[in-house]
Structures are given as structure tokens and as C-alpha cells.
Number of protein chains: 2
Amino acid sequence: MANIKNVAKKVNVSVATVSRVINNKGYVNEETRKLVEDAIKELNYIPNEFARSLFKKVSKTIGVIFPHLSNSFYYSVLEGIEEIAFEHGYKVMICNSHEDAERESEYIKQFVKYNIDGIIIGSNSNLLSRYKELEIPIVTIDRIIDESVPSVTSDNVSGGYQAALKLVSSGCKNLVHFRGPSILLTVQERSKGFQKFLNEKNLTCDTVDLAFINPEMSLIQQYLESKQNIDGVFCDSDIIAAKVMDVLVRLGKKVPDDVQVIGYDNTLLAELISPKLTTISQRMIEMGKEAIISLNCLIDKEELIEKHKLIPIELIERDTTKLI
Amino acid sequence: MANIKNVAKKVNVSVATVSRVINNKGYVNEETRKLVEDAIKELNYIPNEFARSLFKKVSKTIGVIFPHLSNSFYYSVLEGIEEIAFEHGYKVMICNSHEDAERESEYIKQFVKYNIDGIIIGSNSNLLSRYKELEIPIVTIDRIIDESVPSVTSDNVSGGYQAALKLVSSGCKNLVHFRGPSILLTVQERSKGFQKFLNEKNLTCDTVDLAFINPEMSLIQQYLESKQNIDGVFCDSDIIAAKVMDVLVRLGKKVPDDVQVIGYDNTLLAELISPKLTTISQRMIEMGKEAIISLNCLIDKEELIEKHKLIPIELIERDTTKLI
DNA sequence: TTGAAAGCGCTAACAT
DNA sequence: ATGTTAGCGCTTTCAA
């Protein structure tokens with residue numbers, strides 16, 4: 001591997017001159033520049049970023065910590081992050097905390113070792129409160145940990161509200177909310193939005209707690225069997241919705257005639273099950289992009305116009321709800 | 001940020017001693033060690049990995065380049081990679097080439113700037129042939145570019161073969177293979193395996209080329225309408241299979257009674273559509289793990305026991321095929 | 001316009 | 001058992 005010295009020697013200039021050329025900084029004679037550039041090409045010289053970073057204390061690398069990787073929310077957000085990161089010349093280190101606080105702080109430690117320029121974290125751990133003391137710029141995804149820590153969140157309250165609005169407007173009288181783990185703030189917010197609309201209309205609903213990805217079929221079945229009058233179901237994931245529809249078929253219910261169903265996430269699944277699923281779409285890629293845009297501002301010490309970005313959701317109407 | 005000098009000064013020892021303590025290398029008095037360790041804690045000292053890497057020329061970081069991120073194959077492989085990488089103390093840099101060769105080589109360039117210890121690449125680009133000249137250890141996923149470059153691939157030939165075996169054994173007479181883009185080696189191999197079994201039985205089948213993720217519904221429909229006698233369908237993705245089943249329902253065909261269907265990938269989707277999809281499972285997480293295990297050997301200059309790892313597939317029988 | 005040299009934080013050979 | 005020091009590859013100040 002050629003280094004800056006090799007290049008300098010080849011052209012008979014000092015390393016300082018070569019440095020000026022590769023950084024496009026300071027005076028350097030046009031002819032010398034040409035010579036140096038040729039030598040760089042010939043030797044296939046690529047500056048060592050470690051030496052550079054050692055001096056400059058920036059790494060042009062950002063760290064991303066997510067509690068899961070194989071989850072459409074996170075990998076879509078990651079896709080958005082990577083996209084903009086690339087445009088700004090940042091590298092992305094990806095870490096999977098597996099919801100493990102221990103592991104999370106291990107990653108953070110690695111990050112400071114590597115002079116990471118900034119961190120994007122989607123986490124439900126209780127460590128989060130400690131992060132605001134970190135001197136590294138940080139943006140949280142899908143959660144606000146403190147007024148002072150910039151965030152990008154999806155408008156979950158609106159998601160719940162829109163779902164209720166749609167179901168009730170389409171004629172549903174007896175609603176149930178099959179939601180995600182109620183410890184999650186996002187889930188609480190969806191509930192809040194859902195209830196908010198119902199309150200406005202003096203309606204009530206049942207709530208059943210499930211997992212997003214592996215919801216217990218038996219819990220769904222038990223509930224729906226015991227409540228045969230249910231005619232509107234709001235699910236906190238498309239997966240839950242798919243399972244609900246499965247159960248409904250077995251109970252001899254027609255969707256959307258007897259029961260209307262709304263999912264969450266607008267995953268591929270929503271378009272592939274039949275009838276096609278009405279669902280709430282979170283703009284995940286956009287969330288990723290907004291997160292890295294915020295982070296970039298923080299790194300450049302610019303003022304954030306919007307410290308807490310709330311990304312709107314969108315109701316995607318398909319065939320599991322009735323047209324109004 | 002405290003550095004090694006600060007620690008040394010605090011305990012009145014030399015930086016060498018501190019270095020010995022943090023690296024657990026060379027002689028150091030138990031008492032001095034205690035003192036140093038205390039100072040490290042007190043100053044919250046974390047060694048700068050850049051300075052270290054500058055010297056040692058290893059970064060404890062590996063680079064991963066995939067053509068897509070939001071694709072169950074790649075993010076599952078990524079999950080496997082990250083898992084083992086963490087265990088071995090490696091950081092993972094993730095890059096999305098978007099199938100763009102230009103971008104791919106830009107990433108490679110970044111990697112050498114950062115003294116990346118090794119690269120895992122899943123790519124269909126024509127650049128691949130150049131990588132074997134790279135001095136950085138490299139492992140390819142899902143593709144063999146050269147006898148000399150270690151790889152981890154899924155047994156696609158067997159995948160095709162097993163699918164044909166299952167369909168024919170279950171009584172199918174008129175088969176069609178809705179496959180992925182035929183430029184892909186993986187797709188060609190599945191075809192090869194599928195045909196191989198058919199040849200053995202003196203059977204033939206039609207082949208229709210589609211996209212994995214966004215297969216054109218109309219092509220599927222056209223084909224199935226024109227060939228009403230089809231009774232066995234092998235699809236190169238679960239998504240294709242889901243769309244096929246959609247079309248079949250509209251054509252009034254019963255699955256699996258009239259037509260049997262086999263998908264590929266064993267995604268979440270397979271269990272959520274009804275009837276539940278029989279599919280070929282690629283062990284993607286395992287592929288990721290095997291890739292990083294190979295890479296780790298290369299980095300440590302150990303001999304690879306198996307240069308080209310072929311990960312077996314598995315037929316997951318569900319309800320879109322008949323029991324034999 | 002260019003070069004010499006200090007120094008970023010760390011490791012390791014060598015000396016003590 | 002510990003310290004001194006050169007050097008990893010680069011940037012940047014200062015001097016020429």
C-alpha cells in the first residue's frame with residue numbers, strides 16, 4: 001500500500017505538498033499539482049483515513065443501533081439512513097442490540113473508540129436516559145427520550161386516530177384494538193389516538209396485547225370467538241391483521257362485509273393477502289432520511305430547524321374496509 | 001476526552017505501562033495495574049482505536065456490500081453476519097450498492113481507506129471479477145466469482161430439484177416454473193435443478209421470467225389463463241407464489257386440489273397467506289454466519305476447511321401441496 | 001509556492 | 001517491572 005511519503009518521493013516534493021493536493025487546500029503550483037496527481041494515480045494511492053482521523057478527530061462514520069434487523073420498520077429506516085449517509089460521505093456502522101441493554105452500551109463504547117461522528121438509535125432500553133450526557137451527537141428514532149435530544153418519530157397518535165375514524169365512518173360499531181406490547185411508547189400513542197376518536201364519539205373498545213411479529217394466534221382466536229359481535233378490528237401490525245383475517249375466515253366471517261380490518265406498516269404482506277389489507281403506512285425510509293439529515297446538522301453544529309420531527313402517517317385504503 | 005498520557009500522568013507511570021495494562025501484555029506489577037485501572041475508570045478513559053489501527057493496520061471492522069437492504073434475503077444474511085461479527089469483536093459497515101457498479105467500487109475504495117479487515121459482498125455486478133485482485137480478504141455471498149475467492153452459496157440446484165420432486169410425487173403432470181430474472185446465477189441454478197428432475201422422469205415444463213419482489217401480475221394471469229391444464233407451479237419467491245395464488249382463486253382453481261404451488265424463501269408471508277404456502281427455505285442467517293466465519297479465518301490467515309460453502313435448503317411442506 | 005517539523009494517540013522494541 | 005523513544009500516515013503551522 002502506497003502512502004503519502006511514497007507519492008512525495010516519486011515527485012520529489014514534500015509530503016506537505018501532496019497533502020495540499022489531496023485536500024485541495026492552500027497554494028500549490030498547477031504543474032506540481034498535475035505531477036502529484038499523476039503519481040497518485042500511478043501508485044494507486046489512497047489516503048489512510050485512520051491517520052487522517054487521528055489528527056482531525058472526525059471519522060466520517062455514523063453508528064446505528066437498532067433492537068432488531070429483520071423487521072420491516074428497522075431495515076427500511078436503515079435503507080433511508082444509508083442513502084443519505086452515502087450522499088454526505090458518511091459510512092454506516094450497523095449494530096443489532098437484540099433489545100439487550102448490555103449489548104447496547106457495549107456498542108456505544110465501541111463508537112467512542114472509533115471517534116464515531118454521530119449516533120442514530122432506535123431503542124426501548126432504559127439506558128436511553130444516559131445518552132443525553134454523551135458528547136457525541138445523537139438522534140433517536142421512534143422515541144423521544146428527552147426534550148434536549150433530537151428525534152424522528154412517526155405520528156402514532158394520528159395513526160390510531162385515523163384508524164378509528166375510518167372504521168367508525170365505515171359503519172363499525174363494536175371495535176377491538178389488537179395492539180403491540182403495551183410497554184412501547186409507540187403502542188401507547190396509537191392507543192391514545194384510537195381512544196381519542198372513540199371518546200369524541202362516546203364509543204368504547206376492547207384492547208388485546210400481542211407481539212408485533214409473532215402474535216399468538218390462540219389469543220386472537222379466543223377473543224374473537226368470545227366476542228362474535230365485533231365488526232371492526234385495528235391491528236398494530238400487518239402480521240397481526242393477517243392472523244386476524246385467518247381466524248375470521250375460520251369463524252365464517254366475511255371481510256369486509258361482516259368485519260372490517262386495518263393493519264399497520266403497509267408491508268408487502270398487505271398487498272399480497274386477500275382481500276388486500278387496508279393499513280396505516282409509516283414512511284420509514286423517510287424517517288431514516290430525516291434522522292440522518294438532523295444528525296448531519298448536529299455534527300456540523302448547525303441549528304436544527306425542527307428538533308423533534310414528526311413524520312405523518314398515511315391511511316392506505318384497500319379491500320378490508322368498506323368504502324364510505 | 002482523556003488519552004493515554006492523561007492516565008499515565010495521573011498515576012505517575014509511563015504511557016508504556018498504561019499500554020501494557022490495557023492490552024494485558026508484558027509484565028506489570030499488580031499494584032501498578034490496580035492504580036492504572038483505577039485511573040482509567042476515574043478518567044473514563046477509552047483507548048482511541050484510530051491511533052491503534054494506525055499502528056497495527058487492522059481495524060476490527062468488516063465491510064458488507066449488498067445490492068438491496070429491504071429484501072428478506074439480504075437483511076437476514078446481515079443479521080447472521082452482525083451476530084458473529086459482534087462475538088469476534090468486529091464492527092460491521094453496511095453498504096447498499098443499489099445494484100450500481102459505480103457505487104460499489106466507491107464503497108470498496110472507502111473500505112481500503114479505512115483499513116477494513118475484510119469484505120463480504122453479495123453482488124451481481126460485473127466488477128466482481130476485479131475483486132479477486134484486491135489484497136483485502138473477501139467472501140462472496142450467493143455467488144462464486146472465482147475458484148480462488150471463498151464463497152457461501154445456497155444450494156439452489158437442490159432447491160429446484162426438491163421442488164420438482166415434490167410436485168411430481170404429489171401427482172402434478174403439467175408444470176410451470178415462474179422464476180426470477182434469468183440473468184441471475186441463482187435463478188439459473190434453480191432452473192437447472194428443476195429441469196434435472198423432470199429430465200429424469202421424461203417430463204417438461206414451461207418457464208416464465210418475472211421479478212422476485214414486484215412480479216408483474218398481468219404476466220402471471222396471462223399465462224395461467226392460457227394454460228388451464230397447469231396443475232403444479234414452482235415460484236422463485238414467496239411473493240410470486242402469493243400472486244399466483246391470487247390469480248388462481250380468480251380463475252376458480254382450488255389450491256392444492258386443482259393446482260399445487262411451491263414458493264421460495266420461507267418468508268413470514270408463507271405462513272400468513274391461506275392456504276399456508278409450501279416453500280423452499282434458504283438458511284439465510286446461517287449463510288451470514290458462515291460467511292463471517294470464513295472471513296474471520298481468512299483475516300487470521302488460517303486455512304479454510306471449506307472454501308466454497310454450500311448451505312443446504314429445506315422444503316417446508318405446508319398446505320399448498322398435497323401430502324404424498 | 002514549498003518544505004521542515006511537530007504532533008494526533010497509540011504500540012513495541014530496546015534500554016534500564 | 002518500568003521507562004524512553006521511534007514511528008504508524010497524515011495535517012498544519014511556521015518559516016523560507
Side-chain angles (χ1 to χ4, degrees), chain A residues 1-37 39-40 43-61 89 109-117 135, chain B residues 1-40 43-61 89 109-117 135-136:
Chain A
M1 275 298 299
N3 62 21
I4 199 170
K5 254 191 200 159
N6 305 147
V7 178
K9 187 167 291 172
K10 192 172 178 78
V11 199
N12 267 318
V13 294
S14 73
V15 293
T17 304
V18 178
S19 176
R20 285 187 195 103
V21 171
I22 57 185
N23 290 296
N24 247 321
K25 226 182 213 174
Y27 297 105
V28 40
N29 185 296
E30 260 321 302
E31 277 179 37
T32 328
R33 154 164 285 131
K34 261 257 160 300
L35 253 39
V36 170
E37 279 167 352
I40 287 176
L43 293 176
N44 200 13
Y45 165 65
I46 300 180
N48 181 322
E49 212 62 31
F50 279 174
R52 242 179 191 170
S53 295
L54 182 56
F55 191 92
K56 297 217 208 170
K57 275 141 181 45
V58 301
S59 61
K60 274 294 179 185
T61 303
K109 208 164 149 190
Q110 295 294 336
F111 286 170
V112 342
K113 279 193 190 178
Y114 280 88
N115 276 2
I116 286 266
D117 295 339
E135 57 247 69
Chain B
M1 276 299 300
N3 62 23
I4 198 169
K5 254 191 201 159
N6 305 147
V7 179
K9 187 168 293 173
K10 191 170 178 80
V11 198
N12 267 319
V13 295
S14 72
V15 292
T17 303
V18 179
S19 176
R20 285 189 195 102
V21 170
I22 58 186
N23 291 294
N24 247 319
K25 226 181 213 174
Y27 297 105
V28 39
N29 185 297
E30 261 321 303
E31 275 179 38
T32 328
R33 153 164 285 131
K34 260 260 161 296
L35 253 37
V36 170
E37 278 167 351
D38 288 350
I40 288 177
L43 293 176
N44 201 10
Y45 164 67
I46 301 181
N48 181 323
E49 213 61 32
F50 280 173
R52 245 182 189 168
S53 296
L54 182 57
F55 190 90
K56 297 218 208 171
K57 273 139 183 49
V58 300
S59 61
K60 273 294 179 186
T61 303
K109 207 164 148 187
Q110 296 293 337
F111 285 170
V112 341
K113 278 193 189 178
Y114 281 87
N115 277 0
I116 287 267
D117 295 339
E135 56 248 69
I136 304 177

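Order of the sequence lines sets the chain letters (A, B, ...), proteins ahead of strands, with each chain counted from 1. A quick note: this is a predicted structure, and the numbers were derived from the prediction, not measured.
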[atom1] of [X] versus [atom2] of [N]: gap in Å, rounded?
X       : N       : atom1 : atom2 : result
I22(B)  : dA12(C) : CD1   : P     : 10 Å
K34(A)  : dT2(C)  : NZ    : C1'   : 19 Å
Y27(B)  : dA13(C) : OH    : P     : 14 Å
N23(B)  : dG9(C)  : CG    : C1'   : 13 Å
K113(A) : dG9(C)  : NZ    : C1'   : 14 Å

Please report the closest heavy-atom contact between [X] and [Y], naming both atoms and the distance.
X       : Y       : answer
V15(B)  : A8(B)   : N-CB, 3.8 Å
N115(B) : N48(A)  : ND2-ND2, 3.7 Å
I22(A)  : Y45(A)  : CD1-OH, 3.9 Å
N6(B)   : N3(B)   : OD1-N, 2.8 Å
I46(A)  : K109(B) : CD1-CG, 3.9 Å

* Which residue pairs pass the salt bridge (charged side-chain N to carboxylate O under 4.0 Å, His left out) test when at least one of the two sits in residues 49-59 of chain A, sequence neighbours left out? -> E49(A)-R52(A)
* Which pairs count as salt bridge (charged side-chain N to carboxylate O under 4.0 Å, His left out) when at least one residue sits in residues 10-21 of chain A, sequence neighbours excluded? ->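 Residue pairs passing salt bridge (charged side-chain N to carboxylate O under 4.0 Å, His left out), neighbours aside: K10(A)-E42(A).
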Protein and nucleotides 14-16 of chain C: nitrogen or oxygen contacts under 3.5 angstrom:
none

* Asked: Going 5' to 3' along DNA chain D, which nucleotides are the first and last within contact of chain A (any atom under 4.0 Å from a heavy atom)?
  ->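 Using the under 4.0 Å cut-off, the span is dG9(D) to dT13(D).
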* Structure fact -> Rounding to 0.5 Å, atoms CD1 (I4(A)) and OG1 (T17(A)) come to a distance of 9.5 Å
* To do: To the nearest 0.5 angstrom, please state how far the CZ atom of R33(B) sits from the CD atom of E30(B).
  =>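 So the gap between those two atoms works out to 5.5 Å.
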* With a 4.0 Å cut-off on heavy atoms, is N12(B) in touch with a base, just the backbone sugar-phosphate, or nothing at all? ->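 Sugar-phosphate contact only.
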Counting distance only, does the side-chain N/O of [X] pair as donor-acceptor with the main-chain N or O of [Y] below 3.5 Å?
X       : Y       : result
D117(B) : K60(B)  : yes
T61(A)  : I116(A) : no
N23(A)  : K25(A)  : no

* Asked: Relative to each other, are the rings of F50(A) and Y114(A) parallel, tilted or perpendicular (30° and 60° limits)?
  ->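 The arrangement is tilted - the two ring planes meet at 30° to 60°.
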* Asked: Looking at DNA chain C, which of residues 43-58 of chain A put a heavy atom within less than 4.0 Å of it?
  ->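 Within this stretch, L54(A), F55(A), K57(A) sit under 4.0 Å of the strand.
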* To do: State, to the nearest 10°, the angle formed by the axis through the first five base pairs of the helix from dT1(C)-dA16(D) to dT16(C)-dA1(D) and the axis through its last five.
  => 40°
* Taking the nucleotide of DNA chain C with the closest heavy atom to each, which residue, S19(B) or G26(A), is nearer the 5' end? -> G26(A)
